[in-house]
2 protein chains.
Amino acid sequence: MNSGQASKATGVSQRMIRHYEAIGLMPPPDRRDNGYRDYPPRSVERLRFIANARDLGFSLDEISALLELWDDRARASSEVKAIALEHAEDLARKSAALEAMRRTLLELVDGCSGDARPDCPILEGLAEPRKRPERDLTECAGKPKAET
Amino acid sequence: MNSGQASKATGVSQRMIRHYEAIGLMPPPDRRDNGYRDYPPRSVERLRFIANARDLGFSLDEISALLELWDDRARASSEVKAIALEHAEDLARKSAALEAMRRTLLELVDGCSGDARPDCPILEGLAEPRKRPERDLTECAGKPKAET
DNA sequence: CTTGACCATGACATTATGTCAAGGTTGATG
DNA sequence: CATCAACCTTGACATAATGTCATGGTCAAG
């Protein structure tokens with residue numbers, strides 16, 4: 001199976017397939033005489049693994065660790081479970097951080113009449129000194145979708 | 001007030017102050033004879049505005065729009081409120097997406113014994129084909145903190 | 001043989017921020 | 001005055017994950 005087919009089969013773009021190969025997440029596949037990559041079924045499975053893990057919000061670093069465990073037939077399932085549980089907590093923390101931002105924002109919104117007049121407590125509130133959060137779990141809220 | 005003092009007063013790093021200037025979020029300040037930046041109080045307030053807005057998860061693009069409204073003494077507060085409310089919804093959607101990931105992950109975790117044996121439904125589940133989500137609000141879960 | 005659909009590689013862009021380097025300034029101390 | 005530390009300046013490079021574009025080779029059908 002070549003890279004285009006593997007891409008369709010797994011939903012991972014060809015660009016990303018090559019990227020995963022470049023950073024060592026995917027083993028370099030055999031090449032056919034024309035230079036085309038040729039993926040065995042196990043590699044396709046591996047790509048799916050990566051795709052699913054990303055969909056669950058694992059970073060490529062975490063995925064790398066999971067793949068090592070996947071490759072290791074002797075690993076204890078407790079190791080995997082520990083990583084998964086930690087990640088689940090991470091998700092919960094991030095979600096809570098977003099919710100906290102939302103609450104704070106809605107508090108500001110609450111004071112704003114939202115009519116044609118120019119007075120706006122939202123803008124005033126933003127310009128005021130205020131307790132800044134710890135900046136540790138909040139780095140994911142404002143990232144635009146790079147949809148250009 | 002020079003850039004170091006402004007940085008301390010607002011919590012925005014000097015690096016970022018200059019960046020905001022480079023991308024047009026901050027007006028180029030006057031320079032003293034030695035070339036040092038000299039910020040008037042209004043600029044310090046503006047930096048605080050940016051910092052607070054970022055803490056609430058606004059992207060620099062959104063902040064740019066908010067700053068325009070801030071500069072415009074005649075704008076209607078409804079404009080501001082609309083942006084804020086839309087962003088609050090965005091936060092809610094992202095938070096919900098993280099929660100959904102977490103639920104799915106915990107489902108996988110649930111089937112895993114987590115003991116010394118190697119069988120692991122988590123890894124097996126990750127390798128299986130599964131319905132991939134829409135990839136539209138989920139791009140914020142796995143970003144590591146760049147703490148290197 | 002040509003056209004179109006693939007594939008390959010490499011380079012550049014994105015977002016927000018850090019870090020490092022090399023050099024000018026300033027103020028204080030010996 | 002010499003010097004040293006603490007500042008400021010600019011510019012360059014790096015991060016994570018992904019898209020996009022350019023340039024060129026390959027293959028299959030007409």
Side-chain angles (χ1 to χ4, degrees), chain A residues 1-26 28-39 47 50-51 53-64 94 132 134-148, chain B residues 1-26 28-39 47 50-51 53-64 94 132 134-148:
Chain A
M1 174 146 21
N2 66 26
S3 63
Q5 297 167 313
S7 171
K8 269 174 202 148
T10 62
V12 178
S13 72
Q14 284 181 268
R15 173 71 178 77
M16 279 301 102
I17 293 179
R18 284 188 228 119
H19 181 60
Y20 294 154
E21 181 182 331
I23 64 178
L25 269 196
M26 291 294 295
D30 287 346
R31 300 298 186 113
R32 286 202 291 253
D33 288 352
N34 50 20
Y36 288 15
R37 289 172 177 78
D38 191 10
Y39 292 101
L47 278 175
I50 296 174
R54 278 222 54 76
D55 288 344
L56 290 176
F58 286 95
S59 72
L60 293 191
D61 266 5
E62 291 169 306
I63 293 172
S64 176
K94 283 174 176 165
R132 316 269 318 275
E134 306 296 316
R135 298 317 263 90
D136 207 19
L137 296 162
T138 55
E139 44 351 51
C140 81
K143 308 238 167 95
K145 286 176 283 179
E147 70 231 314
T148 52
Chain B
M1 176 150 13
N2 67 25
S3 64
Q5 297 168 314
S7 171
K8 269 173 200 148
T10 62
V12 178
S13 71
Q14 283 181 268
R15 174 69 179 76
M16 280 302 100
I17 293 179
R18 283 187 232 119
H19 181 60
Y20 294 154
E21 180 182 329
I23 65 178
L25 268 196
M26 290 294 295
D30 287 346
R31 300 299 186 111
R32 286 203 289 254
D33 287 353
N34 50 21
Y36 288 15
R37 288 172 177 78
D38 191 10
Y39 292 100
L47 277 175
I50 296 175
R54 279 223 53 78
D55 288 344
L56 290 176
F58 286 95
S59 71
L60 292 191
D61 266 6
E62 292 169 305
I63 292 173
S64 176
K94 283 173 174 164
R132 315 269 318 277
E134 307 296 318
R135 295 320 261 90
D136 206 19
L137 295 163
T138 57
E139 47 347 54
C140 82
K143 308 236 167 96
K145 286 176 285 180
E147 71 232 312
T148 51

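In what follows, chains carry the letters A, B, and so on, assigned in the order in which the sequence lines appear, proteins first and then strands, with residues in each chain numbered from 1.
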Within the structure, does a side-chain N or O atom of B/R31 lie under 4.0 Å from either OP1 or OP2 of C/dG24? no
Would you indicate, yes or no, if D/dG19 has its OP1 or OP2 atom less than 4.0 angstrom from a side-chain nitrogen or oxygen of A/S13? yes
Touch check for B/R37, heavy atoms < 4.0 angstrom, all strands: base, sugar-phosphate only, or nothing? sugar-phosphate
Does the base of C/dT19 carry an N or O that pairs as donor and acceptor with the side chain of B/R15 under 3.5 Å? yes
Is B/S3 close enough to D/dT9 that one of its side-chain N or O atoms is under 4.0 Å from OP1 or OP2 there? yes
Integer-rounded Å distance: D/dT9 P and B/D38 CG: 10 Å
Looking at C/dT17, C/dC7, D/dT18, which one has an atom nearest to any side-chain atom of A/Y36? C/dC7
For A/N2 and C/dA5, give me the distance from atom CG to atom P, rounded to whole Å. 16 Å
Output the rounded distance in Å from CD1 (A/I50) to P (D/dA16). 16 Å
First of A/Y20 and B/G35 reached from the 5' end of DNA chain D, by closest nucleotide: B/G35
Can you tell me which nucleotide in D/dT26, D/dT18, C/dA16 comes closest to the side chain of A/R54? D/dT18
Look at the side chain of A/H19 and decide which nucleotide, out of C/dG18, D/dC7, D/dA17, has an atom nearest to it. D/dA17
For B/Q14 and D/dC8, what is the distance between atoms CD and C1' respectively, to the nearest whole Å? 7 Å
Closest heavy-atom pair, A/S7 versus A/S13, reported as atoms and distance to 0.1 Å, is OG-CA, 3.7 Å
Looking at A/N34, does any N or O in its side chain come under 4.0 Å of the phosphate oxygens OP1/OP2 on D/dC27? yes
Between A/M1 (CE) and C/dC7 (P), how many Å, whole number? 12 Å
To the nearest angstrom, how far is B/I17 atom CD1 from C/dG18 atom C1'? 15 Å
Nearest whole angstrom, please: distance from the C1' of C/dG10 to the CZ of A/R18. 10 Å
Among B/N2, B/D30, B/I17, which one satisfies side-chain contact (heavy atoms from CB on, under 4.5 Å) with B/Y39? B/I17
So which atom in B/L47 and which in B/A6 form the shortest heavy-atom distance, rounded to 0.1 Å? CD1-CB, 4.2 Å
For A/R32, report the nucleic acid contact type (base, sugar-phosphate, nothing); a contact means any heavy atom under 4.0 Å. nothing
Minimum heavy-atom distance A/M1-A/D38, with the two atoms named: N-OD1, 2.9 Å
Are A/Q14 and A/S3 linked by a side-chain donor-acceptor pair shorter than 3.5 Å? yes
Would you kindly give the CD-to-C1' distance between A/E21 and D/dA17, to the nearest whole Å? 17 Å
